[in-house]
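See below for the structure under consideration.
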Amino acid sequence: MPGDSSGCGRPRDRPKPNRTRYPYTRRSGNEGMFRPFRESVESALASVLRARELPIDDLGLEEPPEDIDAVLASSIAFRLASELGAAPPQIAGELAAEIDAGEYRYIDRIEPAGPYLNFFPDESYFEGTLKAGQEPGYGALPSRDTSVVVEHTSANPTGPVHVGRARNPIIGDAVANVLEYAGYDVDRHYYVNDAGRQMAVFTWAYERFDESELPEPARDRAEYRMVRYYRKGNEFLENAEPDAVEAAEAEIESILQGLESGDEETYDRVTEVVDTVLGGMRECLARLPAEFDEFVKETRFMRDGSTDDVVDRLKALEGAVYEEDAWQLEFENIEKNLVFLRADGTSLYTTRDLAHHEWKFENYDRAVTVLGEDHKLQAEQLRSALELLGSDTERLESVIYSYVNLPEGKMSTRRGTGVQLDDLLDEAIDRAREEVETRLDDRLRNDELDDDDVERIARQVGIGAVRYDIVSKQPTKAITFEWDRALDFEAQSAPYVQYVHARCCGIENEAAGIDPELNVSVLTSEAERELLLTIARFPGVIEAAADDHEPHRIATYTREIADRFNGFYRECPVITADDDATKSARLALVIAARHTVANALDILGVEAPESM
RNA sequence: GGGCCCGUAGCUCAGCGGACAGAGUGUCAGGUUCCGGACCUGGAUGUCGCGGGUUCAAAUCCCGUCGGGCUCGCCA
């Protein structure tokens, strides 16, 4: 949906925080040749079908199997068989003969292969790919002039980020990245649940208990110090004398009421706790790194009156009922009612989230939310309620992931069970460091890594491996966390791809006296051609991954291009090639491959080391 | 019990209407006087959970069934 749908000042006017990870990409992109080639194929097919007065709504386009070096194929002949009363292979042959490939850009020839039509690229396709690949921003698609807010993580500020939730920032960051590469104007939001009962309990506990009553924090950082109050408070509420619990509940209730009525003093008390804990959590997330343009607090939508407004409009809806001392909304296709106002007049999380999402719709063209599968029902209710309130919910999309569990069960901040993300990252870095050090002795390359390099590589490889492991799988698949599996650097992992990038850098460094040249006429070997074809596909992969919010496709692609590059590396020496023309052309190919790998890794949030 | 998600090689996973179901790992056998061996080459390995159906074509869509996860709070 191009263009502006609700006209309004967008937050993109605000200065963005410094996200230093993206040194060159996403601004000066180059979309390369794949999509233009596909357009040519589409118009070629459409034209021949139109001439026969056949429908053109489904061209049956697909990518051919690996052993066929066509860029695209069509299975249209199957669909026409009954209508034309001929066998698919015959139809394919006729169609191929009726299309004059010369009339269409980038298409060299069209060959029937049984029932299929294969579309082969001409030299300009390879030339254009090599040229586009020279640009650091290769792969990034043209601007769509459409703003998207990606909300992810949004973990309650109750304590350290544990691995159970780690999928959220990792998937969320990659979804935001791939949308950015696909030409959307992206903002990343963390929605802060600072108005719920959990925060009232936390605030009460923080004020009620003294640090001397608490155990040592597991780590010297804000959220680790603070979570001790939260756990202590919850333990108290479960085990203390009834009178004491009652008094505590009264205090908690007064905090909730204070927030609801907009009491400044209450707000300040809660905010102190929220901001302190959140500050620590941000430091943890920054290690991934997952950074945000804005932390949006739900109290904002209570204080500005928009939640009250939503409540009034909900009450006026046909499905609104007052039952069992609460205002509820009935849905046609969801069994469970949405309770949106308690008898005491306080709102609920989803009520505030409705106001939040209306605000998103006012400020962005589209909204994507990354959330755990346990929130799925709530998300469906939210969508339906928004629809009833008059929003166009086509603009809202969810990415659902299932939780990472321990072999022994769920992780819980409140109970203090689970593996902290900090611990996982530390362990990953430690194991990566060991790996670097054991490999130090038998490195072929003579480039003297110093201690800082070792530390850098350990961090890039260790954190990269954790991210890659999570982002490379479909989010809907359940994961049981096991240390050795999560930290396996062999397998299909980040280091394998990172190594290709480092190899490219190594070659480029050695190639000091050689100038890259965009001369595909000397890149004739199968390995060179296949690498170029793989590079050419990159923008198409980005487009598909962005359309479906599936960053794991980028991870699959990184393995393919890494395989292709290693094949090229084996067959085709660059520095020691026979003649200068070959050296220069191959160097250009290495550069294109490096940009492609770097940008694919960038989308995944994995660093691309120059040496390792 | 109702709803949703997942079930593909021993293990971890791609593929999600079309050309013989693919990788990695593990296992077996090999490869570096040559740009980075965290690499590469080759062999072996599958009732795509099971049973029906739709289709010219099903791992892919539909129905049923079994196994696992999530969910069905005036929590978030």
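Residue numbers start from 1 in every chain, and the chains themselves are labelled A, B, ... in the order their sequence lines are given, proteins ahead of strands. From a predicted model like this one, the values you see are computed outputs, not experimental measurements.
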Side-chain contact check for A:Ile575: nearest option of B:A76, B:C35, B:C39 is B:C35

Scan every strand shown for a Watson-Crick or G-U wobble partner of B:U55, both distances under 3.5 Å, and answer none if you come up empty. none

Using atom CD1 of A:Ile76 as one end and atom C1' of B:C56 as the other, report the distance to the nearest whole Å. 14 Å

Between B:U60 and B:C50, how far apart are the two P atoms, rounded to whole Å? 10 Å

Looking for any heavy atom pair under 4.0 Å, which part of the strands does A:Ala73 touch: base, sugar-phosphate only, or nothing? base

Taking the P atom of each, how far is B:U8 from B:C75, in whole Å? 39 Å

Under a 4.0 Å N-O cut-off, is there an ion pair linking A:Arg38 with A:Glu543? yes

Separation between the C1' atoms of B:C35 and B:G43, rounded to whole Å: 31 Å

Re B:G22: Watson-Crick or G-U wobble partner, both distances kept under 3.5 Å, found to be B:C13

Just call it for A:Tyr569: base, sugar-phosphate, or nothing, with non-hydrogen atoms closer than 4.0 Å on any strand. base

Determine the interatomic distance between C1' on B:U65 and the same-named atom on B:U41; round to the nearest Å. 45 Å

Would you measure the distance from the C1' atom in B:G51 across to the matching atom in B:A58 and give it in whole Å? 15 Å

Applying a 4.0 Å non-hydrogen cut-off, can you work out what A:Ala502 is touching in the nucleic acid: base, sugar-phosphate, or nothing? base

In terms of ring plane angle, is the pair A:Tyr191 and A:His356 parallel, tilted or perpendicular, where the classes change at 30° and 60°? parallel

Please classify the nucleic acid contact of A:Cys504 as base, sugar-phosphate, or nothing, using heavy-atom distances under 4.0 Å. nothing

Report the residue (A:Ser472 or A:Ala195) whose heavy-atom-nearest nucleotide on RNA chain B is the more 5′ of the two. A:Ser472

Can you find an N or O donor on one side and an acceptor on the other, under 3.5 Å apart, linking the side chain of A:Glu435 with the base of B:A38? no

Remember a base hit wins even if backbone is also touched, and classify A:Ile68 as base, sugar-phosphate or nothing at under 4.0 Å, heavy atoms. base

So, OP1 or OP2 of B:G37: does either fall under 4.0 Å of a side-chain N or O from A:Arg503? yes

Scan A:Asp353 against the nucleic acid and name what it touches under 4.0 Å (heavy atoms): base, sugar-phosphate only, or nothing. nothing

Winner on side-chain proximity to A:Arg570, out of B:C70, B:A14, B:C40, is B:C40

Both distances below 3.5 Å, Watson-Crick or wobble geometry, any strand: find the nucleotide opposite B:C48. none

What are the two closest heavy atoms between A:Ile507 and A:Ile575, and how far apart are they? O-CD1, 3.7 Å

Watson-Crick or G-U wobble mate for B:G1, both contacts under 3.5 Å: B:C72

If I compare all heavy atoms of A:Pro112 with all of A:Ala96, which pair ends up nearest, and what's the gap? CD-CB, 3.7 Å

Side chain of A:Arg439: nearest nucleotide among B:A19, B:U12, B:A38? B:A38

Please tell me if A:Asn193 has a side-chain N or O lying less than 4.0 Å from either OP1 or OP2 of B:A76. no

On a whole-Å scale, what distance lies between the P atoms belonging to B:C5 and B:C63? 10 Å

What contact category does A:Arg352 fall into here, base, sugar-phosphate, or nothing, at under 4.0 angstrom with non-hydrogen atoms? sugar-phosphate

Hey, is the side chain of A:Asn118 pairing donor to acceptor with the base of B:A19 inside 3.5 Å? yes

So, is the end of the A:Arg503 side chain (NZ or CZ) under 6.0 Å from the ring centre of A:Tyr569 and within 45° of the ring's axis? yes

With a 4.0 Å limit, can you tell me whether A:Arg342 has a side-chain N or O closer than that to the phosphate oxygens OP1/OP2 of B:C75? yes

Sugar-phosphate, base or nothing in reach of A:Pro88, heavy atoms under 4.0 Å: nothing

Classify A:Gly196 by what it touches in the nucleic acid, base, sugar-phosphate, or nothing, heavy-atom distance under 4.0 Å. sugar-phosphate

Upstream residue (5' side of RNA chain B) when A:Val461 and A:Ser347 are each assigned their closest nucleotide: A:Val461

Which one, B:A19, B:C34, B:A14, comes nearest to the side chain of A:Thr576? B:C34

Quick one: label A:Ser75 by what it contacts on the DNA or RNA (base, sugar-phosphate, nothing), any heavy atom closer than 4.0 Å. base

Given B:G36, B:C70, B:A14, the nucleotide with the shortest approach to the side chain of A:Glu373: B:C70

Do any side-chain nitrogens or oxygens of A:Lys477 fall under 4.0 Å of OP1 or OP2 in B:A14? yes

Picking from B:G36, B:C6, B:C20, the nucleotide nearest the side-chain atoms of A:Met612 would be B:G36

Looking at B:A76, B:A38, B:A19, which one has an atom nearest to any side-chain atom of A:Gln198? B:A76

Strand partner of B:U41, provided both Watson-Crick or wobble distances fall under 3.5 Å: B:A29

Under 3.5 Å, is there a donor-acceptor pair between the side chain of A:Arg456 and the main chain of A:Ser611? yes

Output the rounded distance in Å from CG (A:Asp325) to P (B:G73). 17 Å

Mind checking if A:Glu550 touches a base, just sugar-phosphate, or nothing, with heavy atoms under 4.0 Å? nothing

Please give the distance between the P atoms of B:C28 and B:G22 as a whole number of Å. 25 Å

Could you tell me whether A:Phe78 contacts a base, only the sugar-phosphate backbone, or nothing, with contacts defined as non-hydrogen atoms closer than 4.0 Å? base

Taking atom P of B:C39 as reference, at what distance in whole Å does atom CD of A:Gln498 sit? 12 Å

From B:C35, B:A38, B:C6, nucleotide with atom closest to A:Pro495 side chain: B:A38

For the aromatic rings, using the six-membered ring if either is Trp, is the centroid distance between A:Phe565 and A:Phe568 under 6.0 Å? yes

Just call it for A:Arg559: base, sugar-phosphate, or nothing, with non-hydrogen atoms closer than 4.0 Å on any strand. nothing

Of the nucleotides B:U71, B:G2, B:A23, which has the atom closest to the A:Gln492 side chain? B:A23

Does a nitrogen or oxygen in the side chain of A:Tyr349 sit under 4.0 Å from OP1 or OP2 of B:G73? no

Please find the pair of heavy atoms, one from A:Leu371 and one from A:Ser398, that lie closest to each other, and give the distance. CD2-CB, 3.9 Å

Is the side chain of A:Gln460 donor-acceptor paired with the backbone N or O of A:Ala608 at a distance under 3.5 Å, no angle test? no

Strictly below 4.0 Å: does A:Gln474 bring a side-chain N or O up to OP1 or OP2 of B:G15? yes

Out of B:A38, B:U71, B:C13, whichever nucleotide has its closest atom nearest the side chain of A:Lys473: B:C13

With rounding to whole Å, what would you report as the distance between B:A14 and B:G37 at their P atoms? 30 Å

Which heavy-atom pair separates A:Ile252 from A:Arg197 by the least distance, and what is that distance? CG2-NH1, 3.8 Å

Just to be sure I understand the rule, does A:Asp67 reach a base, reach only the sugar-phosphate, or reach nothing, if contact means heavy atoms closer than 4.0 Å? base

Verify the contact: side-chain N or O of A:His375 to OP1 or OP2 of B:C75, cut-off strictly under 4.0 Å; return yes or no. no

